[in-house]
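Accompanying notes for the structure given below.
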There are 2 protein chains.
Amino acid sequence: MEDKNSNKQTRQQTTIADIAKLAGVSVSTVSRVLNNSTEVSKTTKKKILKLIKEYDYTPSELARGLVTKTSKTIGLLIPNLLNPYYVELIESIEKFVSSQGFSLFLCITDAKEEKEKYYINEMLRRRTNGLVMLSTNIKDHDLIKKVKKSMEIVSVEADIEDVDKISVTNEKGTYDVINHLIEYGHKDIAFIGYRFSLSGLQQRFTGYQRAMEEHSIPIRPEYVIEGEGTGNSGYTMTQRLLELPNPPTAIHCMNEHLAVGTYLAINEYGLRIPQDISVTAFDNLASSNILKPRLTTAAMPIREMGEAAADLLIRNILEGSKQVKQEIIFSTKLILRESTRRLDCP
Amino acid sequence: MEDKNSNKQTRQQTTIADIAKLAGVSVSTVSRVLNNSTEVSKTTKKKILKLIKEYDYTPSELARGLVTKTSKTIGLLIPNLLNPYYVELIESIEKFVSSQGFSLFLCITDAKEEKEKYYINEMLRRRTNGLVMLSTNIKDHDLIKKVKKSMEIVSVEADIEDVDKISVTNEKGTYDVINHLIEYGHKDIAFIGYRFSLSGLQQRFTGYQRAMEEHSIPIRPEYVIEGEGTGNSGYTMTQRLLELPNPPTAIHCMNEHLAVGTYLAINEYGLRIPQDISVTAFDNLASSNILKPRLTTAAMPIREMGEAAADLLIRNILEGSKQVKQEIIFSTKLILRESTRRLDCP
DNA sequence: TTGTAGGCGTTATCAT
DNA sequence: ATGATAACGCCTACAA
């Protein structure tokens with residue numbers, strides 16, 4: 001009765017050789033029914049299948065990967081999970097990827113370079129077949145080149161040299177929303193956001209700038225705030241705006257995660273949307289349905305984008321990637337709802 | 001210049017044998033410096049290290065796992081990602097797991113049995129070393145037994161035969177909050193939630209029942225609503241409560257994800273928290289900071305729980321699991337903030 | 001300190 | 001239709 005409190009050694013799995021011996025055939029035959037490559041006689045096939053079930057035999061993807069040189073595995077590099085945008089993206093990626101028999105390594109980087117490197121190295125070791133990077137900017141191009149030698153890469157939103165990219169018309173989307181506000185008579189339009197350094201997000205700010213410029217509306221520096229990508233930060237930034245001597249008549253949120261905070265702050269100040277202040281954003285998340293009045297926003301097709309990213313990646317894995325950088329840009333659509341109001345005619 | 005638009009065949013990696021040949025030593029020597037097991041002479045070690053760097057050699061975890069019988073991989077089985085509670089849990093698990101050199105397979109099941117089976121089988125094939133199940137109830141005990149034969153398992157919140165479990169005092173936590181409401185003079189206390197069938201969540205309802213019973217307050221069936229685990233559902237359920245001929249004076253939300261919807265619905269009805277209606281919940285999420293007035297809640301130590309789950313799992317993987325079912329129960333703590341009000345003295 | 005040889009669980013290429 | 005046998009990339013005694 002030694003070792004009664006440890007079952008580590010019981011981890012002995014049945015192998016293809018066991019099944020072969022049991023069936024009185026060679027491993028190759030078993031392998032054949034496993035991958036139904038060549039034809040195997042009905043009777044032996046049936047016998048083998050029965051044994052496989054009986055002994056709960058599960059082929060080792062490790063061993064198989066060693067010879068086929070594929071792990072059917074994809075790494076998902078992502079700064080964090082707290083933005084619902086990420087969640088929608090991940091869920092759509094997961095759905096597609098699993099439908100193709102691939103598995104996902106979850107790599108949360110906290111946007112820390114150190115953690116990014118750790119995980120990339122980990123993927124290299126595990127012979128991951130593909131890498132999808134969400135909102136992560138890798139500046140180290142040598143690293144990218146090294147990674148590209150051993151797996152396919154696709155980036156969502158971040159622009160990286162030689163890396164296929166899925167993105168959305170960030171600039172135009174924001175431009176359209178701001179334009180809408182301006183048409184409604186707004187001039188005091190604030191812009192709150194974060195990580196202006198990330199190419200996709202930067203473009204959103206550019207859209208704001210362009211719309212303002214084209215209408216010769218000077219941008220007041222106190223109306224542009226860069227915080228963090230959390231609802232809390234949206235809340236704080238909005239507070240700062242509302243405390244201003246002359247607060248804006250409209251606030252545009254770089255994304256809807258911030259907008260939740262904006263709504264709550266405005267509520268707390270006893271102001272009404274859109275009567276007292278207009279609010280717009282970017283994303284069109286399912287979870288934003290909760291906001292009342294319903295948010296006017298630049299809608300991006302998040303789930304389609306996630307699926308496109310996964311699709312492109314897997315196709316590249318299976319068929320080999322093109323030498324030229326692929327880029328798929330989705331269009332935003334301005335969705336007018338009830339969170340904005342004309343200034344001139346109340 | 002053939003094959004210019006495919007680089008599939010360039011996937012040839014350098015192996016330990018390459019390095020050995022280059023260094024003029026045997027593979028075992030290279031292996032030794034890789035795992036620095038036995039001592040290797042300074043000079044050859046240095047030479048090998050140099051070559052490894054020069055050729056970007058990365059050992060294959062697949063091949064290594066084949067012989068060491070460990071993939072250093074853990075599966076994360078989870079219904080979805082839209083509850084911020086999951087997000088906090090996952091982030092803490094990821095942190096611990098990665099600090100131990102393990103990687104995480106993300107398995108989103110949508111609470112569908114079919115998807116659960118798919119992923120469990122996938123883990124079996126990949127020789128995953130451990131499985132952490134978040135809020136998922138597997139009834140098929142034969143399946144569990146089969147899985148336990150090849151990996152360690154830990155469950156968070158769900159009670160499964162023979163599976164180690166991390167949980168929290170769900171019943172007491174809810175009981176305490178409801179008690180607090182009753183002490184404040186409330187009798188018309190509503191309870192909104194979802195998935196009452198999941199053991200942990202069921203316990204929360206039991207806590208509500210017990211508190212009411214002990215104070216001889218009959219539970220009005222229209223005050224108990226089972227919906228879904230989304231903010232939207234919280235919003236809808238709250239609406240239903242507010243439309244009642246005699247709406248409750250307090251609403252307890254099974255978790256804080258629902259509470260966001262509750263807050264918004266109440267706001268929309270022009271009611272004030274806590275003046276017109278009291279609101280309580282369960283969780284104490286960081287993201288709930290956003291709710292104003294700040295939410296009175298039964299706090300659970302989510303991140304500690306995630307870490308405990310990962311810790312227990314990895315310890316079991318490394319040292320072998322105990323034969324007896326382990327169970328770690330964390331305590332809730334009632335946190336009084338500003339979302340409740342005494343009925344008697346306004 | 002270092003090398004040799006066998007094995008990990010599969011697939012793949014030949015034969016038969 | 002089936003069987004040997006050689007990889008795949010690495011680790012680990014056992015020898016030297």
Side-chain angles (χ1 to χ4, degrees), chain A residues 8-9 11-49 51-52 55-73 101 124-129 150, chain B residues 9 11-49 51-52 55-73 122-129 150:
Chain A
K8 244 199 123 184
Q9 67 293 339
R11 285 289 124 95
Q12 188 62 352
Q13 309 255 12
T14 76
T15 74
I16 195 174
D18 298 333
I19 300 294
K21 183 173 298 177
L22 255 15
V25 298
S26 75
V27 289
S28 349
T29 303
V30 179
S31 176
R32 281 182 189 107
V33 346
L34 248 29
N35 310 292
N36 51 327
S37 43
T38 330
E39 270 321 298
V40 178
S41 84
K42 292 269 183 206
T43 52
T44 53
K45 183 169 183 174
K46 183 167 289 181
K47 189 199 301 177
I48 290 173
L49 251 19
L51 286 167
I52 286 178
Y55 285 81
D56 271 339
Y57 165 67
T58 314
S60 162
E61 218 43 71
L62 297 186
R64 167 176 286 176
L66 194 58
V67 25
T68 63
K69 287 180 169 333
T70 169
S71 59
K72 299 219 91 180
T73 250
L124 255 14
R125 299 175 69 90
R126 293 171 190 283
R127 299 299 190 259
T128 292
N129 295 138
S150 72
Chain B
Q9 67 296 340
R11 285 289 125 92
Q12 188 61 352
Q13 310 253 12
T14 76
T15 74
I16 195 174
D18 298 331
I19 300 294
K21 184 172 295 175
L22 255 14
V25 297
S26 74
V27 290
S28 16
T29 303
V30 180
S31 174
R32 282 180 189 107
V33 346
L34 248 29
N35 310 292
N36 51 327
S37 44
T38 329
E39 272 322 297
V40 178
S41 84
K42 290 272 183 205
T43 51
T44 53
K45 182 169 184 173
K46 182 167 291 180
K47 189 198 303 175
I48 289 173
L49 252 18
L51 286 167
I52 286 178
Y55 285 82
D56 272 340
Y57 166 66
T58 314
S60 162
E61 216 46 69
L62 297 187
R64 167 176 286 178
L66 194 57
V67 23
T68 62
K69 283 174 170 336
T70 169
S71 59
K72 299 217 91 181
T73 250
E122 207 59 28
M123 292 184 219
L124 254 14
R125 299 176 70 91
R126 294 171 189 283
R127 300 298 191 258
T128 293
N129 295 138
S150 72

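Residue numbers begin at 1 in each chain, while the letters A, B, ... track the order of the sequences.
- If B:Ala63 and B:Val40 are placed on DNA chain C by their nearest nucleotide, the residue sitting closer to the 5' end is B:Val40.
- With rounding to whole Å, A:Leu62 atom CG is found 15 Å from D:dG9 atom P.
- Computed from coordinates, the A:Glu61 CD to C:dT11 P distance equals 9 Å when rounded to whole Å.
- The backbone N or O of A:Ser31 lies less than 3.5 Å from a partner atom in the side chain of A:Asn35, making a donor-acceptor pair.
- Taking atom NZ of residue B:Lys69 and atom C1' of nucleotide C:dG9, one finds them 8 Å apart after rounding to whole Å.
- In this entry the distance linking CG of A:Leu66 with P of D:dC10 reads 8 Å, nearest Å.
- For B:Leu62 against A:Arg127, the heavy-atom pair with the smallest separation is CD1-CB, 4.1 Å.
- The backbone N or O of B:Ser71 lies less than 3.5 Å from a partner atom in the side chain of A:Arg126, making a donor-acceptor pair.
- Dashed line: the shortest gap from a side-chain N or O of B:Thr29 to OP1 or OP2 of C:dG3 is under 4.0 Å.
- Rounded to an integer number of Å, the gap from B:Lys21 NZ to C:dT2 P is 20 Å.
- In this structure, of C:dG3, C:dT10, C:dT11, it is C:dT11 that holds the atom nearest to the side chain of A:Thr68.
- B:Ile16 has its CD1 atom 11 Å from the P atom of D:dG9, to the nearest Å.
- Dashed line: the shortest gap from a side-chain N or O of B:Lys45 to OP1 or OP2 of C:dT1 is not under 4.0 Å.
- Looking at B:Arg127, its side chain has no donor and acceptor atom pair within 3.5 Å of the base of C:dG9.
- Comparing C:dC8, C:dT11, C:dG3 by their nearest atom to the side chain of B:Val67 picks out C:dC8.
- Contact annotation: A:Ser60 side-chain N/O to C:dG9 OP1/OP2 distance is not under 4.0 Å.
- Atom pair B:Lys42:NZ and C:dT2:C1' shows a separation of 17 Å (rounding to whole Å applied).
- The residue B:Ser28 sits close to a base: some heavy atom pair falls under 4.0 Å.
- The distance between atom CZ of B:Arg32 and atom C1' of C:dT2, rounded to the nearest whole Å, is 6 Å.
- Residues B:Thr44 and B:Ser41 bring a donor and an acceptor atom of their side chains to less than 3.5 Å of each other.
- Within the 4.0 angstrom heavy-atom criterion, only backbone atoms of the sugar-phosphate kind lie near B:Ser41; the bases stay farther away.
- At a threshold of 4.0 angstrom between heavy atoms, the contacts of A:Thr14 with the nucleic acid are absent.
- Contact annotation: B:Thr15 does not reach the phosphate of D:dC8 (side-chain N/O to OP1 or OP2, under 4.0 Å).
- Inspection of the A:Thr70 and A:Asn129 side chains reveals an N or O donor paired with an N or O acceptor under 3.5 Å.
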